[in-house]
Amino acid sequence: MELLYQSTRSKGIKVTASQAILKGLAGDGGLFVPERIPGLDVSLEDISKMSYKETAYEVMKLFLTDFTEAELKECINKAYDSKFDTGEIAPLAEKAGVYYLELFHGATIAFKDMALSILPHLLTASARKINISNEIVILTATSGDTGKAALAGFADVPGTRIIVFYPKNGVSRIQERQMVTQKGANTSVIGITGNFDDAQNGVKAMFNNKELAKAMEGHNYQFSSANSINIGRLVPQVVYYVYSYSRLLAKGAVKPLEPVNFVVPTGNFGNILAAYYAKNLGVPVNRLICASNENKVLFDFFETGVYDRNREFVLTSSPSMDILVSSNLERLVYKISGEDAETTANLMAALAKDGRYTLTPGMKADMECFTGGWADEGKTAAEIKRVYDETGYIIDTHTAVASAVYHSYKEKTNDNTVTVIASTASPYKFATSVMGAIDSSYKGTDDFVLIDELSRRSGTKIPPAIEEIRTAPVLHDTICKTEDMQKEVEKILGI
């Protein structure tokens, strides 16, 4: 049965999965959502005997119904190959009774690889399916990890170009080096003199600029997105929550239908939304614990039902979560409004105009499976040290936020449900903060010296993604003001 997609903001024409992936953002500024969330048509016990690739097919075929079995399996096989350093793709590490879902075994050592390894293949397959001859321009804002993962995924993919904007002073040194050393004739990386929200707003403005779209069409270009607003990003993320539950089943850590908690560090809300979709698919979930850093707009939202971005933007050691406008939250708002596009559009208009909106009591009640928590910089560093001292396991700053939030939650609730923490990045990506938390004497030490020490302490091999940027030349050095983002795009495309 075909599953179509519609905008969160209007009851307009429904589109196929391929069309939604290619467009990225709906014409009215809304996000594409499936007209219904399907249910798994195989049991979780059967999935527990499957590989990651096989699980990906069973999940993704439910959402991408206009792809043939051969097309979808080809995309999956191209994505989840030797780019990942483990055949499991997303292994579970049990440490002191908690399961860390390691989502950083891909080419750029962050969870964004899980979706961005497959998105280029889904996108180019979609273009073939609907006879698009334009060159696809991937326009993306990043808070650190999406940018590199997207660049790596799309580099030299025929028929595509990719332009990434990042906050010049809002990412880690390793994250920046990963981006500015990226090879590929079709890649462009631009730092902006603003924060991630500025970059994201600039990208959205270009997507919604009809005159720019017309000019691009005249030069045989069209935009698409690699941000998590693209449904082609969100669907692959659902897979690893289904897979992680099936691994728990396989090892006897949970009984069939026994619920689990998922703890997810998130800023843009896409990663935890994927867990919510997995719950709707049929994965037994007790609690979805949304972990925030000091930019705790999501924590306040779950506590009060009021979303308010009118606050100070804080630069933290977990930069991928330094976000005050959580774009993917719109998909949840649409769902809890009873899939009311008018209500959703009005709330998003209030956010754009006043920087805040308030849910009705009924909408807030429909989020009861969610709970929020947050950790400041001190708690984040303390959690890295605690986990290392107790288990010898080294976690990155984002994972530490989630781990700290979970332990606070457990102390407060005495909830002993089996819990999976989404470990979203390798500690090597944030070696300065991680090693400084473990031992304050490391502070001020060169990043790559710390990386060598991290390898020694953890007993793990330095990932190729880190080794290759030690001496790689900088290939992208453009910096621009937020208001000049479109000019830079026009210059790159020659329009």
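Note that the structure is a prediction, hence the values are computed from the model and not measured.
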### Task
Indicate whether any N or O donor in one side chain lies under 3.5 Å from an N or O acceptor in the other, for N328 and S228.
yes
Exactly one of F262, Y243, Y241 clears side chain to side chain contact (heavy atoms under 4.5 Å, CB included) with V283, and that residue is F262
Here the gap from E74 atom CD to H121 atom NE2, rounded to the nearest 0.5 Å, amounts to 9.0 Å
(request) With the side chain counted from C-beta on, respond yes when S117 and K83 share a heavy-atom pair under 4.5 Å apart, and no when they do not. (result) yes
Residues R331 and I231: closest non-hydrogen pair is NH2-N, 3.8 Å
Any chance CD of E342 has more than 12 other-residue heavy atoms, nucleotides or ligands included, within less than 6.0 Å? no
Only residue of Y276, F299, F301 satisfying ring-ring contact (aromatic ring centres under 6.0 Å, His included) with F370 is Y276
message = Check for me whether K73 meets the cation-pi criterion with Y57, that is, NZ or CZ under 6.0 Å from the six-membered ring centre and within 45 degrees of the ring axis.
response = yes
Practice item. Please confirm whether H398 and F111 have ring centers closer than 6.0 angstrom. Key: no
task = Compute whether any side-chain donor of one residue and acceptor of the other, for K204 and S327, lie under 3.5 angstrom apart.
result = yes
* **Check ion pair D484-K487 (N to O, under 4.0 angstrom)** => yes
With a 6.0 Å cut-off on ring centres, are F104 and Y428 close enough? no
Is a salt bridge present between E383 and K379, judged by a nitrogen-to-oxygen distance below 4.0 Å? no
| message | Quick one: does any side-chain atom of S326 pair with a main-chain N or O of G267 as donor and acceptor, under 3.5 Å? | response | yes
Quick note, salt bridge (charged side-chain N to carboxylate O under 4.0 Å, His left out) partners involving residues 295-322, not counting sequence neighbours, are K296-D300, D300-R311, D308-R356
More than 12 heavy atoms of other residues, nucleotides or ligands under 6.0 Å from CD of E211: yes or no?
no
Next item on the list: For T140 and I162, indicate whether the former's side chain and the latter's backbone hold a donor-acceptor pair under 3.5 Å.
Entry: no
So salt bridge (charged side-chain N to carboxylate O under 4.0 Å, His left out) across residues 123-132, not counting sequence neighbours, yields E71-K129
Does the T432 side chain pair with the main chain of D447, one donor and one acceptor, at a distance under 3.5 Å?
-> no
When N271, T146, N227, T424 are each screened for side-chain hydrogen bond (donor to acceptor under 3.5 Å, both in side chains) with K112, the one that passes is T146
**OP:** Please state whether the rings of F207 and F223 are parallel, tilted or perpendicular, taking 30° and 60° as the class boundaries.
**Re:** tilted
